[in-house]
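Remember, it's a predicted structure, so these values are computed and weren't measured experimentally. Count residues from 1 along the sequence. No hydrogens, no waters, no symmetry mates; every other heavy atom, side chains included, goes into these values.
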Amino acid sequence: MTELQEVQITEEKPLLRAPGAPDPGKDAELIAAKLLQEQGQKHTVETPYGVVTITIHGTPKPKRPAILTYHDVGQNHHSCFDTLFHYEDMQEIIKNFVVIHVDAPGMEEGAPAFPLGYQYPSLDQLADMIPCILQYVNFTSIIGIGVGAGAYALARYSLSHPDTVEGLVLINIDPNAKGWMDWAAHKLTGLTSSSSEMILAHLFSQEELSKNTELVQQQRDILSHATNLPNIQLYWSSYNSRRDLSLERGGDITFKCPVMLVVGDQAPHEDAVVECNSKLDPTQTSFLKMADSGGQPQLTQPGKLTEAFKYFVQGMGYMASSCMTRLSRSRTASLSSAASGDGNRSRSRTLSQSSEAGAPQPPAPTMEVSC
């Protein structure tokens, strides 16, 4: 009988990994996503209201919308969104979607100042540029992420083109037009403060301004050395001339897609975002108030915002196989407890980062989840 010999076989790719061991395949995917994020392709798009610059990251995924971002006054897509989209946990989302960053006209890096007398587009016209962008990139739908003036532009676009918007993340949105008192106060402030200081007061909380945080210093330095400061002032003027969105809960003017409203605790736009939340369908709306985030939560709390956004897209039916985050686990447990108590599950929810989240809350149609 032939003698049996023991042969040792080494797996090149073991089927089972030791608990806690990194997944090389997943790590490679995340690294690739980060490279795609860093290697954006810049394009200029002609629209009826002027040229707009966009930066595209990633490759199209079948039957998936693009994530389209729009920045606030005094910023461009780099200063407004790089911290969020370069965050490590965000790479899992990036590899699943194409990301289109929009720079408002004249706000892109190195943009020259517009000639004297140039008529800057209104925020409504900025919203009307978005169909030209989608046609250029050959996308039929988006998930919008906007901050301040950018949030307003995306909201206006969603109201006029509801079939092309699958979800909205609106940070620091003020849906109201300026009243006469606001207009008078703005004019009075303009007599004693520069436009740069007024923009800083729009972007940051009073606490941040009084402490002169590093982020405030960076933004002040950007504005003081901006060669396109006249353009920024035009964008600022358009924002202050915005129309009322006229949102109404249960009315004809409302969003037809899931919406996540985000604001920092004690941020300058807290009251406006709370009011906006009261005007929206609670079954379609999430409200995220973030503690210790100041006026720019996407810059100061990118981790918490990434968690919330990942759950948001999971709720829309995307990335269902993605690992659950701490935020979604917390919310799932809370929903299960509520369901066992009354047999009903409300889709509306308030995702709160407030340190007082554990305090007793009065009865409300929304659900409070702390993390």
Side-chain angles (χ1 to χ4, degrees), residues 13-15 17 20-43 53-71 76-103 130 133-134 136-147 150 154 164-169 171 257-258 260 262 286 288 297-299 301-329 331-332 371:
K13 295 183 179 180
L15 296 178
R17 298 189 308 277
D23 181 348
K26 185 174 182 180
D27 289 347
E29 286 181 339
L30 295 179
I31 292 171
K34 191 168 185 178
L35 287 174
L36 286 172
Q37 175 64 18
E38 292 172 350
Q39 299 171 357
Q41 297 179 344
K42 185 176 290 187
H43 303 263
T53 301
I54 62 173
T55 305
I56 305 172
H57 300 273
T59 54
K61 307 297 187 294
K63 299 180 181 179
R64 290 204 173 185
I67 296 175
L68 186 143
T69 74
Y70 217 122
H71 62 86
N76 56 36
H77 83 268
H78 285 299
S79 59
C80 190
F81 291 110
D82 273 4
T83 299
L84 176 63
F85 280 87
H86 287 169
Y87 190 75
E88 182 180 0
D89 291 347
M90 193 66 163
Q91 307 315 306
E92 185 179 5
I93 297 173
I94 291 171
K95 72 182 179 65
N96 284 279
F97 295 92
V98 168
V99 179
I100 303 170
H101 294 297
V102 179
D103 283 316
I130 296 177
I133 296 172
L134 296 189
Y136 181 89
V137 297
N138 197 27
F139 269 87
T140 57
S141 64
I142 64 168
I143 298 171
I145 305 178
V147 182
L154 287 175
T164 67
V165 182
E166 296 192 26
L168 283 175
V169 178
I171 304 170
C257 63
M260 182 165 73
V262 182
S286 304
L288 176 61
Q298 80 282 4
L299 300 179
Q301 297 284 2
K304 292 178 180 178
L305 187 53
T306 297
E307 286 191 72
F309 184 63
K310 183 182 292 187
Y311 184 78
F312 184 69
V313 295
Q314 286 176 338
M316 295 168 58
Y318 299 110
M319 297 178 61
S321 60
S322 173
C323 61
M324 289 182 70
T325 64
R326 177 170 52 86
L327 177 63
S328 57
R329 283 197 302 269
R331 183 179 178 276
T332 301
C371 58

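Inter-residue side-chain proximity for Ile93 and Lys310 is flagged as met; some heavy-atom pair is nearer than 4.5 Å. Looking at heavy atoms from C-beta onward, Ile94 lies out of side-chain contact with Ile67 at the 4.5 angstrom threshold.
Phe97 meets the ring pair (Phe, Tyr, Trp, His ring centres under 6.0 Å) test with Tyr318; sequence neighbours excluded. For Gln301, there are no side chain to side chain donor-acceptor pair (under 3.5 Å) partners, not counting sequence neighbours. Partners of Ser141 under the side chain to side chain donor-acceptor pair (under 3.5 Å) rule, at least two apart in sequence or in another chain, are Glu166. Every residue meeting the side-chain contact (heavy atoms from CB on, under 4.5 Å) condition with Pro302, not counting sequence neighbours, appears here in chain and number order: Thr83, Leu84, Tyr87. Applying the side chain to side chain donor-acceptor pair (under 3.5 Å) rule to Thr164 yields the partners Tyr157; only residues at least two apart in sequence or on another chain are considered. The ring pair (Phe, Tyr, Trp, His ring centres under 6.0 Å) search around His78 returns none, not counting sequence neighbours. Residues satisfying the side chain to side chain donor-acceptor pair (under 3.5 Å) criterion with His71, sequence neighbours excluded, are absent altogether.
Atom CD of residue Gln41 and atom NE2 of residue His57 lie 9.5 Å apart, to the nearest 0.5 angstrom. Between Leu288 atom CG and Tyr311 atom OH the span is 13.5 Å, to the nearest 0.5 Å. The distance from atom CD1 of Ile100 to atom NE2 of His43, rounded to the nearest 0.5 Å, is 9.5 Å.
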One pair to check against side-chain contact (heavy atoms from CB on, under 4.5 Å): Phe312 and Ile145. What are the steps and the verdict? CA-CA 12 Å; Phe312 184 69; Ile145 305 178; over 6 Å; no
Test side-chain contact (heavy atoms from CB on, under 4.5 Å) on Thr53 and Lys42 and set out the steps. CA-CA 7 Å; Thr53 301; Lys42 185 176 290 187; 3.6 Å; yes
Could you walk me through whether Ile54 and Leu68 satisfy the side-chain contact (heavy atoms from CB on, under 4.5 Å) test, starting with their C-alpha distance in whole Å, then the side-chain angles of each, then the deciding distance to 0.1 Å, before giving a yes or no? CA-CA 10 Å; Ile54 62 173; Leu68 186 143; over 6 Å; no
Tell me, with the steps shown, if Asp89 and Glu307 meet side-chain contact (heavy atoms from CB on, under 4.5 Å). CA-CA 8 Å; Asp89 291 347; Glu307 286 191 72; 5.6 Å; no
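His77 approaches Val102 most closely through the heavy-atom pair CB-O, 4.3 Å. Across every non-hydrogen atom of Phe139 and Pro65, the tightest pair is CE2-C, 4.1 Å. Residues Pro297 and Ile171 come closest through the heavy atom pair CG-CG2, 3.7 Å. When every heavy atom of Cys80 is checked against every heavy atom of Gln298, the shortest pair comes out as O-CG, 3.1 Å.
Classification of the Phe81-His101 ring pair by plane angle, with boundaries at 30° and 60°, yields parallel.
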